[in-house]
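To start, the structure under review is shown below, and the notes come after it.
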Amino acid sequence: MAHYSIAAVYDRLYQHYGAQQWWPADSAFEVIVGAVLTQNTAWVNVERAIDNLKHAKALDARIILQTPIKRLAQWLKPSGYFNIKAKRLKHVCRWYVSHGAYATLRQWETGKLRESLLAVHGIGKETADAILLYAFDRPVFVIDAYTRRLLRRLGSIHGDESYNDLQRSIERGLARRRDKSRLFNEYHALIVRHAKHSCAAKPRCETCVLQRGCAKK
DNA sequence: GTCCAGGGTTCGT
DNA sequence: ACGAACCATGGA
């Protein structure tokens, strides 16, 4: 079977789908909120929850911290797991405010920022890396189930690597590219975009973007 | 009715 | 170190 390099897969995806313009948010803080709310949840439902926060003028770390957990959970209801996510949002906001918000955090070194995020209850590696990349513009590759599945089927990776190993492997595969933040930003967004692509024809949808003649978007 | 979505924690083995 | 149950809504 043919093996595609990590870089080649990106080129094909970009060629097929074009720039994805992620993350859909008006501010860095909104990215952070969205990153927590989208955990194992369809984005359309996250948008509803964020709209609730906006309509209540509560898309603000200090306001969320002052909001009773019960009311916060009601606003988050459309995004699912609302009781858990209400607590997680509070934890993230406490972290955000206590460290001086974006103005201070944006000056932190990436490794320190990542460790700090991972110490927040409710933020795992994927969410932390999504925040680093999409809220803080750091060159960190986000590993999710789609990434693993796609690159395994294309023979670009073995597939059973740990999160950190796979991340290093992919970042190494793109080491010669420049503008890493923009590249990783688009790559992850393209993988998510491609996961939604269903192609009835063979070969299967995970590989058809690499074939000529598939015009489906 | 079933499956799954832009995961993480907790608790068994 | 790895697996499974748990969290919960809404669209396909």
Side-chain angles (χ1 to χ4, degrees), chain A residues 9-10 13-14 17 19-53 69-95 114-138 140-152 158-167 170 181 183-200 204-206 209 216:
Chain A
V9 171
Y10 171 77
L13 288 172
Y14 189 88
Y17 296 107
Q20 299 301 299
Q21 310 284 337
W22 269 28
W23 185 290
D26 299 327
S27 67
F29 181 71
E30 187 177 332
V31 173
I32 294 171
V33 171
V36 171
L37 296 188
T38 198
Q39 291 170 351
N40 199 39
T41 302
W43 182 254
V44 59
N45 290 334
V46 176
E47 288 183 310
R48 293 195 171 103
I50 291 180
D51 282 345
N52 287 343
L53 292 174
I69 196 85
K70 192 100 173 179
R71 179 182 306 188
L72 184 56
Q74 285 302 111
W75 290 333
L76 303 185
K77 203 163 185 177
S79 70
Y81 307 119
F82 47 84
N83 290 317
I84 288 178
K85 286 176 178 176
K87 293 178 187 172
R88 291 183 181 175
L89 256 195
K90 288 255 190 185
H91 291 143
V92 175
C93 287
R94 195 168 301 119
W95 169 84
R114 188 172 197 263
E115 288 308 307
S116 183
L117 277 166
L118 288 174
V120 178
H121 193 90
I123 295 190
K125 289 171 183 174
E126 185 177 338
T127 303
D129 288 340
I131 291 172
L132 287 170
L133 179 61
Y134 292 105
F136 291 95
D137 199 32
R138 305 305 172 90
V140 175
F141 202 97
V142 180
I143 306 297
D144 62 357
Y146 294 148
T147 304
R148 202 178 283 277
R149 191 175 72 190
L150 177 67
L151 295 183
R152 172 165 40 82
H158 187 270
D160 59 352
E161 301 92 336
S162 68
Y163 185 101
N164 291 333
D165 285 347
L166 183 52
Q167 185 176 55
I170 291 176
S181 292
L183 175 66
F184 296 172
N185 179 322
E186 283 296 336
Y187 205 155
H188 177 67
L190 283 165
I191 288 172
V192 174
R193 172 66 188 82
H194 182 55
K196 298 175 181 172
H197 166 74
S198 62
C199 182
R204 297 176 56 80
C205 59
E206 280 76 12
V209 71
K216 297 184 75 173

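In what follows, chains are A, B, ... by sequence order, proteins preceding strands, each numbered from 1. What you see below is based on every heavy atom in this structure, not just the backbone, and it leaves out hydrogens, waters and symmetry mates.
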Rounding to the closest angstrom, what is the interatomic distance between [N] and [M] at atom [atom1]?
N     : M      : atom1 : value
B:dC4 : C:dC7  : C1'   : 15 Å
C:dA8 : B:dT10 : P     : 14 Å
B:dG6 : C:dA4  : P     : 23 Å

Reckon [X] touches a base, only the sugar-phosphate, or nothing at all at heavy-atom distances under 4.0 Å?
X      : answer
A:D144 : nothing
A:I191 : nothing
A:K85  : nothing

A:Y81 aromatic ring stacked with six-membered ring of B:dG8, 5.5 Å and 30°: no
Are A:F82 and C:dA8 stacked, counting the six-membered base ring, centres under 5.5 Å, planes under 30°? no
May I ask you to evaluate whether [X] reaches the phosphate of [N], defined as a side-chain N or O under 4.0 Å from OP1 or OP2?
X      : N      : answer
A:N83  : C:dA8  : yes
A:S79  : C:dA8  : no
A:R48  : C:dG11 : yes
A:H121 : B:dT10 : yes

From C:dC7, C:dG10, B:dG7, nucleotide with atom closest to A:I84 side chain: C:dC7
Per A:N45 side chain, nearest of listed nucleotides B:dG8, B:dG6, C:dG10: C:dG10
Whichever of A:V44 and A:R88 has its nearest DNA chain C nucleotide further upstream toward 5':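 Result: A:R88.
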Main-chain N/O of A:F141 paired with A:Q167 side-chain donor or acceptor, under 3.5 Å: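 The answer is yes, because a donor-acceptor pair under 3.5 Å joins these two groups.
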May I ask you to decide if A:V142's main-chain N or O and A:E126's side chain share a donor-acceptor pair within less than 3.5 Å?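 No; judged by distance alone, with no hydrogens or angles, the pair does not exist.
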Expressed in angstrom and rounded to an integer, what is the separation of [X] atom [atom1] from [N] atom [atom2]?
X      : N     : atom1 : atom2 : value
A:H188 : B:dG6 : NE2   : C1'   : 5 Å
A:Q39  : B:dT9 : CD    : P     : 8 Å
A:K87  : C:dC6 : NZ    : P     : 17 Å
A:L117 : B:dG7 : CG    : C1'   : 15 Å
A:I143 : B:dG6 : CD1   : P     : 17 Å
A:I131 : B:dG6 : CD1   : P     : 17 Å
A:K90  : B:dG8 : NZ    : P     : 22 Å
A:E30  : B:dG6 : CD    : C1'   : 15 Å

Distance check, rounded to the nearest 0.5 Å: A:R88 atom CZ versus A:L76 atom CG? 12.0 Å
Please compare A:L118 and A:Y134 by the position of their nearest nucleotide in DNA chain B and report the one closer to 5'. A:Y134
Would you indicate whether the side-chain heavy atoms of A:Y10 and A:L13 approach each other to under 4.5 Å?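 SC-SC contact between A:L13 and A:Y10 ruled out.
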Once you measure the plane-to-plane angle for A:H188 and A:Y134, does it fall in the parallel (<30°), tilted (30-60°) or perpendicular (>60°) bin?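 It falls in the tilted class, 30° to 60°.
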Got a sec: does the NZ of A:K90 have more than 12 other heavy atoms crowding it under 6.0 Å?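 Yes.
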